[in-house]
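So you know, we letter chains A, B, ... as the sequences are listed, proteins then strands, and number each from 1. Every heavy atom of this structure was used, including side-chain atoms; hydrogens, water molecules and symmetry mates were not.
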Amino acid sequence: MWTHENIANMKTQLRRLGMSYDWDRELATCDPSYYRWEQLVFIRMFERGLAYKQRSRVNWCPSCQTVLANEQVENGRCWRCDSEVVPKEIEGWFFKITHYAEELLAWCDRLPGWPERVLTMQRNWIGKSEGAEFDLPVAGLTDLAVTIFTTRPDTAFGMTYAVLAPEHPLVDTLAMDEQERARIAAFRQEVGRESEIERTAADRPKRGIRLNARAVNPFTGEEIPLFIADYVLMGYGSGAIMAVPGEDQRDWDFAKQHGLRIIATVKRPDGWQETQAYLGDGVKINSGFLDGSTVEGAKRTAIDWLVSKGIGRSKVNYRLRDWGISRQRYWGAPIPILYCETCGMVPEREENLPVVLPQDVQISGKGDSPLAEVATFVNARCPKCGGRARRDTDTMDTFVESAWYFIRYCSPRYEQGMFDRSAAEYWMPVDQYIGGIEHAVLHLLYARFFTKVLRDLGMIKLDEPFAALLSQGMVIKDGAKMSKSKGNVVDPDDMIRRFGADATRLFTLFAAPPERDLEWTESGVEGASRFLNRLWRFVQAHGDEIRAAGRAPGDLSDAARAFRRVIHHAIARVTVDVERDFHFNTAISAVMEMVNALHEFERDSLDRVAAAERAGLVREAVETALLLLGPVCPHMTEELWQALGHGESLFRQAWPAADAAALVREQVTVVVQVDGKVRSRLTVDVSAPEQAVREQALAEDKIRPWIDGREVAKVVVVPGRLVNIVTRS
RNA sequence: GCCGGGGUGGCGGAACUGGCAGACGCGAAGGUCUCAAAAACCUUUGAGCGCAAGCUCGUGCGGGUUCGACCCCCGCCCCCGGCACCA
């Protein structure tokens, strides 16, 4: 209900602003007829292991009472409500987006229509790092080893200790007695107490405790101490590291605190002070068989050695984590999985889809899904054996719904499947997608992932959903992003009431190019309104003249020809700006220039231009202005268009084409510079030969004093632009 | 720290492929109309100097390339965004 009311309000507002959407393709993602296909895809993904359930530590928003995906946490806070996120151990569903990490990354180089900053954000988020993984045997325990990941296998000879994440499962095995177990438990508690925000605060002293067990550095055969420390995270790599304090700043800090040995394995540059780790390039030293090679070479040699010994391999790690999609909310598509007492976890049968979100749900706020309270929903029959079964009570992240709606748009009423394949393959990919930058690693990443999943399920031949992306800026008012919580929102209805939809639209497009933030100022809207009023009044005042006017004659006076050039220049400019760059701001300014010139022409031409010529040009200018401005200010332009006696709508007219002949100039102004400084201007025929222009420039009265007594070393002539006279004293 | 984007008048922003920096709009100042105000219209509006013609300076800072640099190159500074004890 609430959702449908919101949709209705939003539609009213969009209509009021005169937005032309194809409402025939409208769809609601909360409609079971939409999300049933999502449930079907979920089942397909489940069958292929792309959707799986796992108990793990997740991000929990205590205010929304739900799990959040990593992408939905910003600086330790919920993207939606800004509350501090806490860790919580919970069972939930995940989509295996990590399976596509490499492809998602690789395609970042094949999306030339996307802004660089969005691609950068996605690359950062995926966070590929290449290195090696290998085992450190635990001293005295032949069958036990700690697997570590490093990007610097070349520094292995400098490994003077190793560190496991506090939560690392091996830690329990390594603990030797009750006393040590107690120390570990105490340390874990200390670390676990901290919030995400505290834990990620920069420059925090590294804490850790030493284990009784020791490991062996396989490169040197030496025994080294083992630690657990808070600076090693279970969620990345293998949750354990080799520590090389000589070449890693974190290890250096920790080693200094605990009095551990530091070995340099790369030759330092001259004058290097041993006050920090050395991260640069250089020749390997103190590194056995790696000595003498470069860092890059040593990395390869070290990996080859690990492989030959059978204890390690090269390894690529990604920062990207699987997409946690379970939500404990009362919206989003239900997860179509049942738990049968005899068959276990079973997906719903396809013919039983959709699993519909029940109505009349009580919100308990207990941290459980509200659906768990609805007996008629929870209790069901096993699709396999018909016995008693329980439904999964989580719903899918609503980002799943938005991850494919654009494909549904291609055939919104299609009932035989998620989409009509031929329609989808005809329309997709989206030629030009538009969205806010805040979705750089949310929606835009999920949509790319989901598209690839659909492709691999054999449903569509499509690698990427969006060929080109325009990421618009935010609306800024009084120095802050416009938002309800900041209380600085502008009510569109209020703007429309006071200035009209056209002026509101005109200002919005005029104030800045779309990819930049838009600074909202009321005086700017007033300015837009002023411009439109001026045009309105002009057309009212000249209506009769325009309606009576014929076409302007072919042979025009100079003044008329100059003005006609402005008209056609505007057409050319607007066409290019809009079609190529979406730079409506410069397009609009070109129309404003043209309209300004129109006022001037009307004022100054009375005694200089013949009446027929004048009326013809005024008509051409006004009609062109209306056509060019039509998409921006549809209401007023259509009304004026009709007022000028046109029976057919403005929006049924062809887009104007610039008359190449009108753009031609017979004469141009050429700047004359002496040593790069503008000293004079010349008006010359466009066809004037270079030599003549040069001579004319040199002969100029204003130029002579600047070159008298100096030797002219060189004269640069740029046809139609400038003459630069270079002198030597 | 790494990666990306930026830095141009009082403000939002223009400047096409290296060729007149500041288009267009806002704001401001002065004027016309008016008893007055609003609206509208006209003029001025990068800084400095000058009666003027005009001159000098000027696109974050310092260098460089070039006849010529907001634009290209090198070295910095600052702002915004992303990532970050990620091994």
Trainee: For atom C1', what is the distance between G25(B) and G19(B), given to the nearest Å?
Mentor: 27 Å

Trainee: Looking across every strand, which nucleic acid part, if any, lies under 4.0 Å from Arg319(A) by heavy atom: base, sugar-phosphate, or nothing?
Mentor: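 The residue Arg319(A) makes base contact.
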
Trainee: Nearest to the side chain of Arg516(A), which nucleotide is it out of G12(B), A14(B), G5(B)?
Mentor: A14(B)

Trainee: For the P atoms, the ones on C71(B) and on G9(B), what distance do you get once it is rounded to whole angstrom?
Mentor: 15 Å

Trainee: Do other residues, nucleotides or ligands put more than 12 heavy atoms under 6.0 Å from the CG atom of Asp109(A)?
Mentor: yes

Trainee: How far, in whole Å, is U45(B) from G10(B) if one measures between their P atoms?
Mentor: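 After rounding to an integer number of Å, I get 15 Å for this pair.
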
Trainee: Rounded to the nearest angstrom, tell me the gap between atom CZ in Phe227(A) and atom C1' in C85(B).
Mentor: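 Rounded to the whole Å, the gap is 16 Å.
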
Trainee: If you draw a 6.0 Å radius around CZ in Arg300(A), do more than 12 non-hydrogen atoms from other residues or ligands fall strictly inside?
Mentor: no

Trainee: If A53(B) has a Watson-Crick or G-U wobble mate with both distances under 3.5 Å, name it; if not, just say none.
Mentor: none

Trainee: What interatomic distance, in whole Å, is found between P of A21(B) and the corresponding atom of G46(B)?
Mentor: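 The answer is 14 Å between these two P atoms.
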
Trainee: Taking the C1' atom of each, how far is G63(B) from G50(B), in whole Å?
Mentor: 34 Å

Trainee: Among the nucleotides G4(B), G19(B), A14(B), which one has an atom lying closest to any side-chain atom of Val716(A)?
Mentor: G19(B)

Trainee: Ignoring hydrogens and geometry beyond distance, is a side-chain donor-acceptor pair present between Glu600(A) and Asn596(A) at under 3.5 Å?
Mentor: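 Note: Glu600(A) and Asn596(A) side chains miss the donor-acceptor criterion.
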
Trainee: Counting the atoms with a prime plus P, OP1 and OP2 as sugar-phosphate, which does Pro115(A) contact under 4.0 Å by heavy atoms, base, sugar-phosphate, or nothing?
Mentor: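 It contacts nothing in the nucleic acid.
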
Trainee: Asn533(A) has an atom CG; how far is it from atom P of G25(B), in whole Å?
Mentor: 15 Å

Trainee: Answer yes or no: does atom CZ of Arg268(A) have more than 12 heavy-atom neighbours from other residues, nucleotides or ligands under 6.0 Å?
Mentor: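 Check passes, neighbour count above 12.
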
Trainee: What contact category does Asn724(A) fall into here, base, sugar-phosphate, or nothing, at under 4.0 angstrom with non-hydrogen atoms?
Mentor: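 Base: the residue Asn724(A), judged by heavy atoms under 4.0 Å, touches a nucleobase.
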
Trainee: Taking only side-chain N and O atoms of Asn585(A), does any of them lie within less than 4.0 angstrom of OP1 or OP2 on G12(B)?
Mentor: no

Trainee: Would you say the side chain of Lys206(A) and the base of C85(B) hold a donor-acceptor pair, judged only by whether the two atoms sit under 3.5 Å apart?
Mentor: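 Side chain to base: pair present.
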
Trainee: To the nearest Å, give me how far apart CD (Gln276(A)) and C1' (C85(B)) are.
Mentor: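 Answer to the nearest Å: 16 Å.
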
Trainee: What does Arg534(A) touch in the nucleic acid at a heavy-atom separation under 4.0 angstrom: a base, only the sugar-phosphate, or nothing?
Mentor: sugar-phosphate

Trainee: Could you tell me the separation between the CE atom of Met592(A) and the C1' atom of G12(B), rounded to a whole number of Å?
Mentor: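 Whole-Å distance recorded here is 12 Å.
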
Trainee: Closest approach to the side chain of Val671(A), judged atom by atom: which nucleotide of G81(B), C20(B), G13(B) is it?
Mentor: C20(B)

Trainee: Could you label the plane-to-plane angle of the Tyr161(A) and Phe227(A) rings as parallel, tilted or perpendicular, counting under 30° as parallel and over 60° as perpendicular?
Mentor: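 Tyr161(A) vs Phe227(A) ring planes: perpendicular.
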
Trainee: Once you round it to whole Å, what is the distance between C1' of A38(B) and CZ of Arg530(A)?
Mentor: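 It is 13 Å, rounded to the nearest whole Å.
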
Trainee: Scan every strand shown for a Watson-Crick or G-U wobble partner of A23(B), both distances under 3.5 Å, and answer none if you come up empty.
Mentor: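 Pairing partner: none.
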
Trainee: Taking the nucleotide of RNA chain B with the nearest heavy atom to each, does Arg321(A) or Gly676(A) sit closer to the 5' end?
Mentor: Gly676(A)

Trainee: Under a 3.5 Å cut-off for both contacts, is C83(B) paired Watson-Crick or G-U wobble with anything, and if yes, with which nucleotide?
Mentor: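 When the pairing criteria are applied, G1(B) turns out to be the nucleotide that pairs with C83(B).
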
Trainee: If you check every side-chain atom of Arg117(A), which of C67(B), G4(B), A87(B) has the closest atom?
Mentor: G4(B)

Trainee: For C41(B) and Arg537(A) - does any side-chain N or O of the residue sit under 4.0 Å from the phosphate oxygens OP1/OP2?
Mentor: yes

Trainee: Within this structure, what is the CG-to-C1' distance between Asp517(A) and C79(B), rounded to whole angstrom?
Mentor: 13 Å

Trainee: Counting any heavy atom closer than 4.0 Å, what does Asn596(A) reach on the DNA or RNA strands: base, sugar-phosphate only, or nothing?
Mentor: sugar-phosphate

Trainee: Starting from P on C20(B), measure out to NZ on Lys677(A) and report it in whole angstrom.
Mentor: 16 Å

Trainee: Heavy atoms only, 4.0 Å cut-off, all strands: where does Ser129(A) land among base, sugar-phosphate and nothing?
Mentor: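 Sugar-phosphate: the residue Ser129(A), judged by heavy atoms under 4.0 Å, touches backbone atoms but no base.
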
Trainee: With nearest nucleotides of RNA chain B determined for Ser589(A) and Arg679(A) from heavy-atom distances, which residue corresponds to the more 5′ nucleotide?
Mentor: Ser589(A)

Trainee: G62(B) pairs with which nucleotide, Watson-Crick or G-U wobble, both distances below 3.5 Å?
Mentor: C74(B)

Trainee: Just name whichever nucleotide pairs with A69(B), Watson-Crick or G-U, keeping both distances under 3.5 Å, else none.
Mentor: none

Trainee: Among the nucleotides C3(B), C85(B), C67(B), which one has an atom lying closest to any side-chain atom of Lys714(A)?
Mentor: C67(B)

Trainee: At 4.0 Å (heavy atoms only), tell me whether Val591(A) reaches a base, stays on the sugar-phosphate, or touches nothing.
Mentor: nothing

Trainee: Look at the rings of Phe582(A) and Phe584(A) and say which category their plane angle falls in: under 30° parallel, 30 to 60° tilted, over 60° perpendicular.
Mentor: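 Geometry flag for Phe584(A) against Phe582(A): tilted rings.
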
Trainee: Rounded to the nearest angstrom, tell me the gap between atom CZ in Phe510(A) and atom C1' in C24(B).
Mentor: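 Interatomic distance, CZ of Phe510(A) to C1' of C24(B): 4 Å.
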
Trainee: So Arg603(A), base contact, sugar-phosphate only, or nothing? Heavy-atom distance under 4.0 Å.
Mentor: sugar-phosphate

Trainee: When you get a sec, tell me which of C24(B), G27(B), U56(B) is the closest nucleotide to the side chain of Glu593(A)?
Mentor: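 It is C24(B).
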
Trainee: With both distances under 3.5 angstrom, what nucleotide forms a Watson-Crick or G-U wobble pair with C16(B)?
Mentor: none

Trainee: Determine yes or no for a side-chain-to-main-chain donor-acceptor pair under 3.5 angstrom, with His258(A) supplying the side chain and Leu260(A) the backbone.
Mentor: no

Trainee: Arg721(A) side chain: which of G19(B), U56(B), A14(B) is closest?
Mentor: G19(B)

Trainee: Relative to Trp252(A), does Lys256(A) satisfy both conditions: NZ or CZ under 6.0 angstrom from the six-membered ring centre, and within 45 degrees of the ring's axis?
Mentor: yes

Trainee: For the residue pair Asp322(A) and Thr98(A), confirm or rule out a side-chain donor-acceptor distance under 3.5 Å.
Mentor: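 Yes, side-chain donor-acceptor contact under 3.5 Å.
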
Trainee: What's the closest nucleotide to the side chain of Arg573(A) if the choices are A87(B), A14(B), G19(B)?
Mentor: A14(B)

Trainee: How far does the C1' atom of C51(B) sit from the matching atom of C41(B), given to the nearest Å?
Mentor: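 Per the computed distance, 31 Å lies between those C1' atoms.
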
Trainee: Select base, sugar-phosphate, or nothing to describe what Trp520(A) touches, counting heavy atoms under 4.0 Å on all strands.
Mentor: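 Nothing, no heavy atom under 4.0 Å.
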
Trainee: Taking atom P in both C55(B) and G60(B), what distance in whole Å separates the two?
Mentor: 25 Å

Trainee: For G27(B) versus C20(B), give the span between their C1' atoms, rounded off to a whole number of Å.
Mentor: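 Going atom to atom, C1' in each nucleotide, I get 26 Å.
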
Trainee: Of the candidate nucleotides A87(B), C20(B), G82(B), which contains the atom at the shortest distance from the side chain of Arg250(A)?
Mentor: A87(B)

Trainee: Any idea how Phe149(A) and Tyr236(A) line up, ring-wise: parallel (<30°), tilted (30 to 60°), or perpendicular (>60°)?
Mentor: perpendicular

Trainee: In the strands shown, is A28(B) matched to any nucleotide by a Watson-Crick or G-U wobble pair with both distances under 3.5 Å, and which?
Mentor: U44(B)

Trainee: Let's see if you can work this out: which of C85(B), C67(B), A87(B) has an atom nearest to the side-chain heavy atoms of Asp230(A)?
Mentor: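 Per side-chain heavy atoms of Asp230(A), the pick is C85(B).
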
Trainee: With a 3.5 Å cut-off and just heavy-atom distances, do the side chain of Arg681(A) and the base of C20(B) make a donor-acceptor pair?
Mentor: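 Under the 3.5 Å cut-off, the side chain and the base do form a donor-acceptor pair.
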
